[in-house]
Amino acid sequence: MTTDADVARRLLARLRDVMAGSGDTQTRLDKVTHAIADSFRADVCSIYVMRAGEVLELFSTEGLKQTAVHQTRLRVGEGLVGDVAAHGRAVAMADAWSHPSFAYRPETGEELFHSFVGVPVVRGSRVIGVLVVQNREERVYSDVEVETLETISMVLAELMATAEVVSRDELIPADGIGLLPLRLEGAGLAPGVGIGVVVLHQPQIRIKKLVAEDPEQELERLKTALSALRTQVDAMLAADDASDTDFLDVLHAYRMFAQDTGWMNKISDAIRTGLTAEAAVVKVHDDTRVRMQQVTDPYLRERLHDLEDLANRLLGHLVGEDGQGGSRDLPEDAILICRNLGPTELLDYDRTKLRGLVMEEGSRTMHAVIVAKALGIPVVARVENIFSIVESWDPVIIDGTHGQVFVRPSEDVRRQFTKSLKVYRRKQEEYAQLRNVPAVSLDGTEVSLMLNAGLMIDLPHLDDTGASGIGLYRTELPFMARPSLPDVTSQRALYSKILDHADGRPVVFRTLDVGSDKVLPYWHGTPEDNPAMGWRSIRITLDRPAILREQLRALIQAAAGRELRVMFPMVAEVDELRQAKKILKMELEEQAAGGFVPQSLKVGTMLEVPALVWQLTALLPEIDFLSIGSNDLMQFLFACDRGNPRMSERYDVLSPAALSVLKQIIDACTAAGVSCSVCGEMAGRPLEAVTLAALGVKTLSMSASGVGPVKVALRSADLGRVREYVIGQLETAPHSLRSRLRNYAVDMGIRLG
């Protein structure tokens, strides 16, 4: 019996022969399309190649009209082929003509073909083409077929690069500027789309005089400038728009740099050597930058941006400017482009006109990024040479969700993003109308929709979305934004604000969950080969109980007279939970003596470690609620690093294996009378949310953006019928049930968005 794997292996062997064979590039591409069409029993196989200007040209085809080769062109974002190129991911459709993005090209003769699957051809993280297969009948392409095409596209990328199908000069303008559109890749650090024009951030100040005539006078000038700088930072701290805890801590850390005596003494010493005050600032800053660039610690390297911000601001005071680099008039739709950015420099700009931020450097722990996220500004970082590629007033679109920047986008791309924004806003209006409507299914099952939160900026979404409460408050995020470990007083103040804002709605506080990819800047552990499975979360706080005790003490004091819900993360053994509960009991007794008594207490745990699944009998009597952390649970269940791009989509949470494990957990909780929720990413996706609710989950916790779509889906579903269908599919063994569940949902009229 011939398997899909056999077909794939034989096809790859044929392609290797083509690559090693004779003939010009066009001949070999034609052989490739013929071989793929033959192996896939497809009526059409086509190869589109990226040309300058973000244009995809039909380079070879088996099945379409040959006269269309080198004539048919599609812009990135145009049609299904353009959609594959724009997002760098596969698209498979049983009926391509019904898709709103389908773009018909009459010269190709493709009106005969209905089904469509396209995969990107990628080399060096850049899309250089699209491989397409089509059939006359409406055919559902399997996940294995799509994966096979993706593998083939890797071979095709090598062939295209080796043969120089399109020279590099044709792919990218030689000067990197010109007037051609460009699509640049980076890291999406804050989600959202921004459409506007380029504003270059240029804080550099020209120093006209380097040598001082009177060092004492220069020292006095420095003293005056430092005083003005501190006054300016204090004013930022006192401003109404700096009241959010999220970046208030950032400003406090920034002020510590401004008051650093070592930094000031070095500048003073440089002045005493004969330099002017401003020349001394530049010298000390340059020396510090060179040293810090050699440092491997990521937190210390990020603080270099704070020092650059301070140096530029101090120079502004010394040369007579007010240091308000962003105070000049901005266009109404400004996209700020910079090499790097200090936290207060972003606050200088008029936020009502900022539509996005793009940086050549940056990371999630960078203070400017924390501030931008708090302000709701999309951010794309690590975009190589962006500052030299763009010019002021260039039109630009940034996609902070997918980490893409479109410079001088074509009208088609602009139209597509504008259309997407309009659709998004229309949906937001629909969701807003459902804000006060419960998430009740057609058969009368009510599901509680909660928010995942971690910053004060998240809390207004409680009212915006109509969420029932906060199902997961990540207490580690405020820890990560501070320059040092927060004490009990500051933690209590924060937790009190959160409970005040919730106004009686439940808030589940997850205790400190750091380690792995969440690193505290002031806490340096030893390197680990597998940090995701290393010293993290409850393992750290049980080994350092003073930290856990202080956090629990702050939570108890903040919740005095109110309900307190505490959840422990990354529990692998019931004994770990018992140790944590013992520490909680000690703190409850001590705080009760001081008059701090919560009105009620509920204790829960996250289920992220698969080992805990086989300890449910012992675990459930110990807790009031259980929350499934699907992100980590699935990562460990499949031994698949979700941070690895090559692995992140390999296994599906809607596979029979994953759903069977989830059902086992949910059924055990139901039988024991323990509330069960899901707070991983799958809870905020409509198809997954409906499936979880059908399996018996009554509480889903998600980001604010997921509440509306999930509510619409649940209100249009008969969960009893969905449950019967899902359970009936669990004994099958496909890679995933996603396509079956999606098709079933469509047939049943469930609105998945």
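The residues of the chain are indexed from 1 along the displayed sequence. Bear in mind the structure is a predicted one, so any value in this text is a computation, not a measurement. Atom set for the values below is all heavy atoms of this structure, side chains included, hydrogens, waters and symmetry mates excluded.
Shown here are the side chain to side chain contact (heavy atoms under 4.5 Å, CB included) partners of V380, two or more places apart in sequence or in another chain: V383, I398, V405. Listed by chain and number, the residues in a salt bridge (Lys or Arg N to Asp or Glu O under 4.0 Å) with D464 amount to none (sequence neighbours excluded). By the side chain to side chain donor-acceptor pair (under 3.5 Å) test, S468 is found to be paired with S448, residues two or more places apart in sequence or in another chain being considered. The ring pair (Phe, Tyr, Trp, His ring centres under 6.0 Å) check on F509 picks up Y473, Y495, with sequence neighbours excluded. Residues passing the side chain to side chain donor-acceptor pair (under 3.5 Å) test with R89: none are found, sequence neighbours excluded. With sequence neighbours excluded, the residues satisfying side chain to side chain contact (heavy atoms under 4.5 Å, CB included) with V84 are V91, P120, V130. With sequence neighbours excluded, no residue forms a side chain to side chain donor-acceptor pair (under 3.5 Å) with T418. For the salt bridge (Lys or Arg N to Asp or Glu O under 4.0 Å) test, residues two or more places apart in sequence or in another chain that qualify with R221 are E218, E278. Residues passing the side chain to side chain donor-acceptor pair (under 3.5 Å) test with T489: none are found, sequence neighbours excluded. With sequence neighbours excluded, no residue forms a salt bridge (Lys or Arg N to Asp or Glu O under 4.0 Å) with R435. Residues forming a side chain to side chain contact (heavy atoms under 4.5 Å, CB included) with A228 (at least two apart in sequence, or on another chain): H317. Checked against salt bridge (Lys or Arg N to Asp or Glu O under 4.0 Å), E430 has the following partners two or more places apart in sequence or in another chain: R751.
Here the shortest heavy-atom pairing between G356 and I377 reads CA-CG2, 3.7 Å. Of all heavy-atom pairs between V507 and A502, the closest is CG2-CB, 3.5 Å. Between R183 and V76, the closest heavy-atom pair is NE-CG1, 4.2 Å. Shortest non-hydrogen contact noted between H461 and T465 is O-OG1, 2.6 Å. Taking all atoms of both residues into account, the shortest heavy-atom contact from P395 to R414 is CB-NH2, 3.3 Å. The two residues P486 and Q491 come nearest to each other via the heavy atoms O-NE2, 3.2 Å.
With K427 contributing its side chain and P709 its backbone, the two residues share no donor-acceptor pair below 3.5 Å. In this structure, N436 contributes its side chain and G466 its backbone to no donor-acceptor pair below 3.5 Å. Of the possible polar contacts, none joining the D333 side chain to the R355 backbone as a donor-acceptor pair under 3.5 Å is found. For the pair S227 (side chain) and K223 (backbone), a donor-acceptor distance under 3.5 Å is absent.
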Step by step, work out the side chain to side chain contact (heavy atoms under 4.5 Å, CB included) result for V199 and L354.
CA-CA 10 Å; V199 172; L354 275 183; over 6 Å; no
Starting from the C-alpha separation in whole Å, work towards a yes-or-no answer on salt bridge (charged side-chain N to carboxylate O under 4.0 Å, His left out) for R505 and D463.
CA-CA 11 Å; R505 287 167 287 195; D463 298 321; 3.2 Å; yes
Can you check side-chain hydrogen bond (donor to acceptor under 3.5 Å, both in side chains) on S268 and N265, steps first, answer last?
CA-CA 5 Å; S268 298; N265 288 339; 5.1 Å; no
Would you check, one step at a time, whether the test side chain to side chain contact (heavy atoms under 4.5 Å, CB included) holds for R562 with S496?
CA-CA 10 Å; R562 299 187 275 198; S496 293; 4.2 Å; yes
If you apply the rule side chain to side chain contact (heavy atoms under 4.5 Å, CB included), what do you find for R474 with D513, and how did you get there?
CA-CA 8 Å; R474 302 182 178 97; D513 183 13; over 6 Å; no
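Residues V707 and M702 meet the side-chain proximity criterion, which asks for heavy atoms closer than 4.5 Å. Within the 4.5 Å cutoff, the side chain of Y431 has heavy atoms near those of the V712 side chain. Looking only at side-chain heavy atoms (C-beta outward), I470 and L459 come within less than 4.5 Å of each other. For the pair I386/V407, a side-chain contact is recorded, criterion being any heavy-atom separation below 4.5 Å from C-beta on. Considering only heavy atoms from C-beta on, P506 comes within 4.5 Å of M450 through its side chain. Counting heavy atoms from C-beta on, the side chains of R351 and L330 never come closer than 4.5 Å. Using a 4.5 Å heavy-atom cutoff, the side chains of V379 and M359 are in contact. Looking at heavy atoms from C-beta onward, L472 lies out of side-chain contact with V508 at the 4.5 angstrom threshold.
For the atom pair CD (Q551) and CG (L512), the distance works out to 5.5 Å, reported to the nearest 0.5 Å. To the nearest 0.5 Å, the span separating CD on E360 from CZ on R382 amounts to 13.0 Å. L226 CG to I267 CD1: the interatomic distance, rounded to the nearest 0.5 Å, is 6.5 Å. We find the CG-CG distance between L219 and D269 to be 9.5 Å, quoted to the nearest 0.5 Å. With rounding to the nearest 0.5 angstrom, the CG atom of L462 is 5.0 Å from the CG atom of L451. From E411, atom CD reaches atom CD of E78 across 12.0 Å, with rounding to the nearest 0.5 Å.
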